[in-house]
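Let me begin by presenting the structure, written as structure tokens, before commenting on it.
Note that the coordinates shown come from a computational prediction; the quantities given were computed from them, not determined experimentally. Each chain gets a letter, A, B and so on, in the order its sequence line appears, and its residues count up from 1.
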Amino acid sequence: MMTKYSSTAAATLPFTGEPDGVTCAEKKARPVAAMLKIAKYVLYDILRNRIVLGYAAFLFASALTFFNLEGDGSKSLMSLLNIVLIVAPLVSVIFSTIHFYNSYEFIELLVAQPVSRRTILGAEYAGVGGALVAAFLFGIGLPVAVFAPDPRGFTLLVVGVLLTLVFVSLAFLAAVLTRDKARGIGLALLLWFCFSILYDGLVLVLLFAFSDYPLEKPTLVLTFLNPVDLSRILMLLQLDVSALMGYTGAVFNEFLGSPMGVALAYGCLALWVLLPMIWAERVFRKKDL
Amino acid sequence: MKKTLLVVIVLGLCAAAAWSRSLHAGPGKMGLREALAQAQPFDTVFVHGGEYRDTAGFEITRPLTLIGLDWPLLDGANRLQPLSVRSNYVSVSGFRVANSPSAGLEDYAGIKVYNARYVYIWGNRLENNYFGIYLSNCVSCVVTGNHLQASGTVEQTSGNGVHAWKCDSLTIADNFAAGHRDGIYFEFVTNSFIRNNHSEGNLRYGLHFMFSHNDHYENNTFYRNGAGVAVMYSRRVTMHGNRFHENQGSSAYGILLKDISDSQIIDNEFQRNTTGIYMEGCSRCRFEHNTFRQNGWAIKLQASCDGNLFTRNNFWANTFDIATNNALVLNTLESNYWDKYEGYDLARDGVGDVPYRPVSLYARIAEDMPYAMMLWRSFMVTLLDRAEKVIPSLTPENLRDDTPSMKAL
């Protein structure tokens with residue numbers, strides 16, 4: 001598996017910090033293999049401290065509770081949506097930041113080895129993101145697969161996974177931007193707070209303040225600038241489509257009502273995973289550890 | 001009502017059959033126009049498979065039983081009305097009727113009945129007509145088991161499926177209407193039954209009711225019509241066990257009630273409509289044991305309504321349960337099941353101990369600023385809504401259910 005993919009994937013990766021005298025074949029084979037190897041250790045480390053296991057158990061328990069308490073599938077999905085929008089990002093962002101700072105010594109050790117920094121960061125990301133996504137898929141995915149195996153449930157899972165990855169990216173960004181652990185965690189939390197709570201409040205204030213103006217397009221644009229809002233809208237399109245169809249605005253109906261708009265929303269969410277990570281990688285590459 | 005009507009018709013037909021003749025029209029036999037001219041009152045005309053076109057359209061002017069064998073086609077060729085009935089005691093069945101023309105002044109229909117009693121139209125297939133079956137000034141007629149299909153695209157150039165104007169004691173049952181302007185249309189029609197019909201994909205309303213009192217409709221399905229169902233300016237209408245599904249759009253309603261009084265809406269099912277029930281100027285109506293599921297707004301209750309009672313209804317997973325346009329509340333909500341209810345039942349009698357307020361603050365905000373719907377279900381908006389529910393300031397304080405049920409009914 002590993003070797004099968006490594007040659008093609010590695011060919012597209014430029015890499016830095018190579019020690020001299022490495023042959024071309026070795027160059028190609030190494031980074032992804034090394035990344036997976038490091039990611040494996042990161043994953044073992046995460047599994048040992050049990051926080052992710054606890055998170056998975058919490059998600060699983062709450063999902064089961066919602067599905068058993070509410071007789072109706074869509075009501076349970078609405079309750080689960082709140083967990084996906086608030087809890088999953090919060091846990092992801094805090095856990096990733098703390099984990100990054102805690103494995104600083106490990107990272108320093110790795111940097112001394114003939115491995116590029118990009119590989120190290122990628123491995124860390126793969127390990128942490130993989131663990132959190134696995135926890136999410138187990139905790140929410142399993143109950144959803146049993147109780148609500150329909151497009152709505154599927155959308156919830158896709159959105160949840162993407163949102164988890166977005167916030168792991170943001171956490172990594174916060175962690176590489178500051179050396180101080182407290183400030184890093186603070187920054188990560190601030191990002192979560194902004195995207196989950198503050199942003200919507202500000203948009204709401206904006207809508208009220210400028211309610212005399214046509215605000216359709218600005219609202220749409222503002223929504224795309226926040227990954228949590230994007231996820232929420234994608235889920236709204238599943239849960240509240242009857243109400244949204246009553247929405248008189250043509251921009252909205254034409255845009256989000258079409259497969260093109262939905263694809264664009266997912267694309268944007270994917271960008272929200274990539275962009276902070278690319279930024280983080282740039283900072284980390286030049287960072288004085 | 002329907003039974004006595006049927007008995008009368010059957011008896012009439014039996015009595016007629018006793019001394020009536022049978023005529024056969026069709027390819028190789030006499031023409032249909034000839035047969036209709038030759039037939040004596042209470043004769044039976046069998047029309048064999050084939051296509052029938054006429055220079056003036058076929059007319060039935062005396063009591064006859066017309067039976068189509070192997071689906072004979074009466075074709076209006078988009079120029080004239082295929083079949084007109086101008087007599088009492090007529091039965092028409094087993095025909096394909098197609099292509100009645102659309103016109104501005106005259107309402108051409110596939111089968112049009114003028115000023116008649118005891119006309120029985122059953123088991124026909126009507127295709128691509130302007131109006132399908134048109135009853136004008138009729139009494140005690142039955143339209144049942146017909147299949148009406150048109151492919152209208154614009155309201156102005158398409159007519160209604162089953163259209164009744166100024167009638168009494170009709171039975172409209174087991175019909176299927178699709179692609180017309182209104183599936184079934186009633187204007188000045190009293191004491192009538194509409195039962196087991198299926199109305200789907202019509203341009204405007206699945207069922208449209210105007211000035212029609214004392215009518216009863218039950219067990220019909222209205223699915224994906226342009227604007228749902230409209231019942232207007234009528235008294236004493238009962239609606240039982242109908243299904244209103246997926247009528248979606250900015251002015252689409254499961255059912256639109258305008259100036260309706262003393263009516264009963266019981267055991268109906270509203271599912272995935274933009275608005276389940278929209279009511280304006282309604283008085284003394286009773287809404288009991290209906291189910292509202294996954295609608296945008298389950299009920300839009302305008303302040304012009306008074307004396308209505310909503311009891312034992314089930315509200316499931318609607319985006320908004322009730323919206324209103326004024327703080328004035330002259331209606332009663334009691335003993336409904338609300339899935340959003342978060343109260344408790346310490347007495348364990350199945351009735352919640354704190355009242356439920358079904359009006360959401362955000363529903364009002366979204367009414368003014370529709371684009372604000374984009375923020376629905378966000379943490380901030382949920383918080384706002386919660387705060388408003390605890391201490392109502394903008395939403396009508398009196399619009400509440402004091403005895404919400406803890407379990408679905």
Side-chain angles (χ1 to χ4, degrees), chain A residues 70-78 81-82 85-86 152 193 195-208 210-220 222-224 226 228-233 235-236 238-253 256-257, chain B residues 224 227-228 245-254 270-276 278 291-298 300 314-321 323 337-342 360 362-363 365-384 407-408:
Chain A
E70 324 277 7
D72 193 70
S74 41
K75 180 79 196 298
S76 325
L77 283 177
M78 284 174 201
L81 177 64
N82 284 329
L85 292 183
I86 303 281
R152 298 174 305 175
F193 186 73
F195 284 131
S196 295
I197 295 167
L198 210 59
Y199 190 86
D200 293 333
L202 288 176
V203 171
L204 203 59
V205 169
L206 220 66
L207 291 191
F208 277 119
F210 296 99
S211 59
D212 293 342
Y213 298 90
L215 282 179
E216 278 196 355
K217 280 181 194 169
T219 320
L220 205 63
L222 284 175
T223 308
F224 273 71
N226 178 354
V228 179
D229 274 354
L230 262 179
S231 319
R232 194 170 43 74
I233 294 280
M235 216 39 215
L236 276 190
Q238 297 290 325
L239 290 175
D240 296 287
V241 72
S242 318
L244 292 175
M245 288 302 285
Y247 183 91
T248 41
V251 175
F252 177 86
N253 267 346
L256 280 180
Chain B
R224 280 190 181 246
H245 286 191
E246 299 193 29
N247 301 294
Q248 297 177 341
S250 59
S251 56
Y253 310 98
F270 299 86
Q271 200 160 323
R272 298 173 71 90
N273 302 292
T274 293
T275 304
Y278 177 90
T291 300
F292 300 87
R293 201 182 282 273
Q294 285 181 279
N295 300 290
W297 288 262
K300 276 192 182 169
N314 291 311
F315 293 84
W316 288 104
N318 300 297
T319 303
F320 302 115
D321 287 332
Y337 171 75
W338 314 87
D339 72 333
K340 294 188 185 64
Y341 181 58
E342 283 169 340
S360 149
Y362 208 68
I365 294 175
E367 202 95 330
D368 298 337
M369 303 187 294
Y371 41 80
M373 265 308 285
M374 297 285 265
L375 290 172
W376 177 241
R377 289 194 196 292
S378 69
F379 184 76
M380 215 58 195
V381 167
T382 313
L383 211 64
L384 264 178
K407 285 213 171 95

Without placing hydrogens or testing angles, list every side-chain donor-acceptor pair under 3.5 Å for residues 196-206 of chain A, not counting sequence neighbours.
from: A:S196; atom 1: OG; to: A:W192; atom 2: O; distance (Å): 3.2
from: A:S196; atom 1: OG; to: A:W192; atom 2: NE1; distance (Å): 3.2
from: A:Y199; atom 1: OH; to: A:L222; atom 2: O; distance (Å): 2.4

Could you look at A:L236 and say if it's the side chain, the backbone, both or neither that has a heavy atom under 4.5 Å from chain B?
-> side chain
Region of A:I86 in contact with chain B, defined by heavy-atom distances below 4.5 Å | side chain
Might you point out which heavy atoms bring A:Y213 and B:Y371 nearest each other, and give the distance in Å?
->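 Minimum heavy-atom contact is O-OH, 4.0 Å.
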What are the two closest non-hydrogen atoms of B:M369 and A:S211, and how far apart are they?
->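 Residues B:M369 and A:S211, closest heavy atoms: SD-CB, 3.6 Å.
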Do [X] and [Y] have side-chain heavy atoms sitting under 4.5 Å apart?
X	Y	value
B:F379	A:L85	no
A:L81	B:R377	yes
B:L375	A:R232	yes

Among all residues two or more places apart in sequence or in another chain, which pass the ring-ring contact (aromatic ring centres under 6.0 Å, His included) test with A:F224?
->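 With sequence neighbours excluded, A:F224 shows a ring-ring contact (aromatic ring centres under 6.0 Å, His included) to A:F255, given in chain and number order.
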Measure distances from B:L383 to the heavy atoms of chain A and classify the residue's part below 4.5 Å as side chain, backbone, both or neither.
->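 Interface part for B:L383: neither.
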In terms of heavy-atom proximity below 4.5 Å to chain A, should B:Y362 be classed as side chain, backbone, both, or neither?
->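 Interface part for B:Y362: side chain.
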Partner of B:M374 under side chain to side chain contact (heavy atoms under 4.5 Å, CB included), picked from A:T219, A:L215, A:L207, is A:T219
